[in-house]
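Single-structure report; data block below.
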Amino acid sequence: MASSSKELTWIEKIYALVRKIPKGRVTTYGTIAEKVGTRTTSRMVGWAMNASHTATPRVPAHRVVNRNGVLTGKHHFGSPTLMQELLEAEGLTIENDKILNFNEYKYLFDDEK
DNA sequence: ACCGTGACTGGCA
DNA sequence: ATGCCAGCCACGG
């Protein structure tokens, strides 16, 4: 590829994937990391989310939780309860900072089943 | 160029 | 079942 063109950074891919998450669905960092590539790990996803605040359009990071279905990053939304409220507003149920029936709400993207 | 940090995950005790 | 440790890669100072 012509070196002139800068390939999209793995961060951009993460944003695209997260934005693809339909309303009322959630996903895990590990899933996204695997979708982006081996160069990206779960930690990188979380780190990328940190930068997502400046990304446009805004990335629904509140739909991204850890593999436990726990709102690990809720503290990064400006309010410790904002993330939960956002998810609940989408029809999800949060109990003790954890998503109930998380397995049913987990979004695996079209590529996966 | 080196070190520290990070919204994770999986394995082992 | 719970807790701790190590691995993973990238970015900022």
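Since this is a predicted model, take the numbers as computed values, not measurements. Chain naming here is simple, since letters A, B, ... match the order of the sequence lines and numbering starts at 1 in each.
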Q) So, for A:N66 and A:Y29, which heavy atoms are closest and what is the spacing to 0.1 Å? A) N-CE1, 3.4 Å
Q.
Working to the nearest 0.5 angstrom, can you tell me the gap between A:F109 CZ and A:L17 CG?
A. 4.5 Å
Q) Could you state the interatomic distance from CD1 (A:I32) to OG1 (A:T41), rounded to the nearest 0.5 Å? A) 12.0 Å
(Q) As an exercise, state the distance from OG1 of A:T9 to CZ of A:R39, rounded to the nearest 0.5 Å. (A) 11.5 Å
Q: Can you measure from NZ (A:K35) to CD1 (A:I14) and round to the nearest 0.5 angstrom?
A: 13.5 Å
Q. If you group Ile, Leu, Val, Met, Phe, Trp and Tyr whenever their side-chain heavy atoms sit less than 4.5 Å apart, what else falls in with A:L92?
A. A:V26, A:V65, A:L71, A:F77, A:L82, A:M83, A:L86, A:L87, A:I94, A:I99, A:F102, A:Y105
Q: Could you run through nucleotides 7-13 of chain B and give me one letter per nucleotide, 5' to 3': B if any protein heavy atom sits under 4.0 Å from the base, S if only the sugar-phosphate is that close, - if neither?
A: BBSS---
Q | Pairs flagged by salt bridge (charged side-chain N to carboxylate O under 4.0 Å, His left out) wherever residues 67-92 of chain A is involved - sequence neighbours left out | A | A:R63-A:E90, A:K74-A:D97
Expected list for residues 46-55 of chain A: side-chain donor-acceptor pairs under 3.5 angstrom, two or more places apart:
| residue | atom | partner | partner atom | Å |
| --- | --- | --- | --- | --- |
| A:S52 | OG | A:M49 | O | 2.4 |
| A:H53 | NE2 | A:H76 | O | 3.3 |
| A:T54 | OG1 | A:A51 | O | 2.8 |

Q) Taking only Watson-Crick and G-U wobble pairs with both distances under 3.5 Å, what dot-bracket line describes DNA chain C, where [ ] shows pairs that cross earlier ones and | shows pairs with another strand? A) .||||||.|||||
Q: Check A:W10 against A:V36 and note the closest heavy-atom contact, atom names and distance.
A: CB-CG1, 3.7 Å
Q | Covered region of DNA chain C, 5' end to 3' end, by chain A [heavy atoms, under 4.0 Å] | A | C:dG7 to C:dC11
(Q) Return the CD to CZ distance between A:E104 and A:R25, rounded to the nearest 0.5 Å. (A) 9.0 Å
